[in-house]
Amino acid sequence: MNGDFGDTGEFGDTGEFGDEELLAPSTVPGDTELDASLRPRTLSEFIGQAKVREQLELVLHAARNRGRTPDHILLSGPPGLGKTSLAMIIAAELGAAIRITSGPALERAGDLAAMLSNLVEGDVLFIDEIHRIARPAEEMLYLAMEDFRVDVVVGKGPGATSIPLDVAPFTLVGATTRSGALTGPLRDRFGFTAHMEFYESTELVRVLRRSAAILGIALAEEAAAEVASRSRGTPRIANRLLRRVRDYAEVRGDGQVDVASARAALAVYDVDELGLDRLDRAVLGALVRGFGGGPVGVSTLAVAVGEEPATVEEVCEPFLVRAGMIARTPRGRVATAAAWRHLHLTPPAGALNQTIGVRAREETGPTLFGDPEV
Ligand SMILES: Nc1ncnc2c1ncn2[C@@H]1O[C@H](COP(=O)(O)OP(=O)(O)OP(=O)(O)O)[C@@H](O)[C@H]1O
C-alpha cells in the first residue's frame, strides 16, 4: 500500500450527485454538529483501533510521568475514522488546550508563525490535512518541532532580516489521509505515527449503540448490525446512516428502529447490503455489462455512467477496490468475480477471485498487479 487514502478535500466535494453524500467518508453539510455531539471524549470512550489506543496510552502515560510534552504525533488513515476525535482526546488526556488549524489554511509562513507564537507551554497544536501545508510554512515547522523556535523573516530582498523567536514547548498532532504525500523531513520529525484502520462491523455496532444512546434513539441490536454492515468500515458514515434510519422510523413507524425499518430506510436511500450506492452499482454495471468485466480505462467507464472521471476515480473506486469488487490493473479496471455475483450474474471462467472484506483488501493491498495509480 502506498498509504494514500484520497484527499479529504477532494472526497468532500460530492455535492453534485445528491444521495451519494450519504456515503461520503469526509464531512458533508449537516455533519459538523453531529460530529461534535457524538465525539468520544476519552481514550476509553474511543471504540476500536485497539493497537493505536494501546500505543497512544503508553506515549501519553510516559510523557505525563516525566512531566514533559510527548513526541509529536502523526495520525494517518482514511477520512471519517476518528483522527480529529483522537487529536482532541490526546489534548484532554494531557490536560492541555488544543489549537486547531489545517494544512490548506497555512498558506504563508506568517500564518503559522502567528499560531506558534500564541501557544502556551504544553498546548496541543492540531494540523488537519497536514500533507497540504505550503512549503514555506512546512520549513518553519521543522525548526519549531525540533528546537521550539522559529525564524521570522522581516522585510524583503537584501534588507530582509531574520528574527529568532522562542516557541513554548508544544505537541504537534498532524492528521493525514495521504501519508505518502508527506515529505521525508516532515515525517521524520514525528516521534510516533498512528495508523488508523477501517472498523470491523462489530466495532461499528458499538459506535452506533453509543450514538443512539446519546441521541435518544431506540435502536434494536439487529438494526445496529444492519446499519454497521453498510457503513463502509467508517464511523462517520455509520452515524450519518443512523440519522436517516431514525427519520424513517419516526415518519413511517413508531420511532423505534428495528431491523425491518432500518432495511426499508436504507432501501429508500439506495444503500445496498454491502454499502454500495446507486453510482457504485452503475459503475459496476457498466464494467460488467458494458465491457464484459474489463479491462477498461476509467475515463471510458466514467462516460458510460455519465459522470466525471474524477468522481468515479476518487469517490466510487476506493471503496469498490477495498470491497474486492474492482481491481486496478495496468490495462485498466477489471471486475472481480464478486462484482459479477453482486449484480446477480454468473462470473465468466477466469474472472478474478478476490476476497470481499475490508481486512482482506488491506492485507492484499489495493491492486493485483502493478502500479495502483494506473
Ligand atoms: N472510535 C470512535 N468511537 C466512536 N465514534 C467515533 C469513533 N471514531 C469516529 N467516531 C465518530 O465519527 C465521526 C467522525 O470522526 P472524526 O471527525 O474524528 O474523523 P476524522 O478521521 O477526523 O475525519 P476527517 O479526517 O474526515 O475529518 C465523529 O462524529 C465521531 O463521533
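FYI, the numbering just counts along the sequence from 1. For ligands, and for the atoms within them, numbers begin at 1 and follow the listed sequence.
Close approach of ligand 1 to Arg39 is summarised as follows: ligand atoms under 4.0 Å from at least one heavy atom of the residue are 15 (O), 16 (P), 17 (O), 18 (O), 31 (O). Numbered from 1 in the order shown, with element, the atoms of ligand 1 that lie under 4.0 Å from a heavy atom of Ile47 read 1 (N), 2 (C), 3 (N). The contact set between ligand 1 and Leu38, taken as ligand atoms under 4.0 Å from a residue heavy atom, comprises 31 (O). Atoms of ligand 1 lying under 4.0 Å from any heavy atom of Pro235, numbered from 1 in the order shown and given with element: 6 (C), 8 (N), 9 (C), 10 (N), 11 (C), 12 (O). Near Lys83, meaning under 4.0 Å from one of its heavy atoms, ligand 1 places the atoms 18 (O), 19 (O), 20 (P), 21 (O), 22 (O), 25 (O). Interface atoms of ligand 1 facing Thr84, defined by a heavy-atom separation under 4.0 Å, are 17 (O), 18 (O), 20 (P), 22 (O), 27 (O). The ligand atoms of ligand 1 that sit less than 4.0 angstrom from a heavy atom of Asn239 are 11 (C), 12 (O), 29 (O), 31 (O). Atoms of ligand 1 found under 4.0 Å from any heavy atom of Ser85, numbered from 1 in the order shown, are 15 (O), 16 (P), 18 (O), 30 (C).
Listed by first and then second residue, the ring-ring contact (aromatic ring centres under 6.0 Å, His included) pairs that reach into residues 64-117 are His72-Phe170, sequence neighbours excluded.
Ligand 1 has a nitrogen or oxygen under 3.5 angstrom from a nitrogen or oxygen of Gly82. An N or O contact shorter than 3.5 Å is missing between Leu86 and ligand 1 by distance.
Around atom CD of Glu45, more than 12 heavy atoms belonging to other residues, nucleotides or ligands sit under 6.0 Å away. Counting heavy atoms of neighbouring residues, nucleotides and ligands inside a 6.0 Å radius, atom CD of Glu54 does not exceed 12 of them. Enclosure of atom CZ in Arg68 is not indicated, since only 12 or fewer non-hydrogen atoms of other residues, nucleotides or ligands lie within 6.0 angstrom.
If you look at Pro40 next to ligand 1, the close heavy atoms, those under 4.0 Å, all belong to the side chain.
Applying the salt bridge (Lys or Arg N to Asp or Glu O under 4.0 Å) test to Arg289 and every residue at least two apart in sequence or in another chain returns nothing.
Within the structure, ligand 1 lacks Gly48 among the residues with a heavy atom less than 4.0 angstrom away.
Annotation for Arg64 and Glu93: closest pair NH1-O, 2.9 Å, computed over non-hydrogen atoms.
A salt bridge is defined here as a Lys NZ or Arg NE, NH1 or NH2 lying under 4.0 Å from an Asp or Glu carboxylate O, and Asp123 with Arg99 meets this definition. Taking a cutoff of 4.0 Å between a charged side-chain nitrogen and a carboxylate oxygen, Arg263 and Glu222 do not qualify as a salt bridge.
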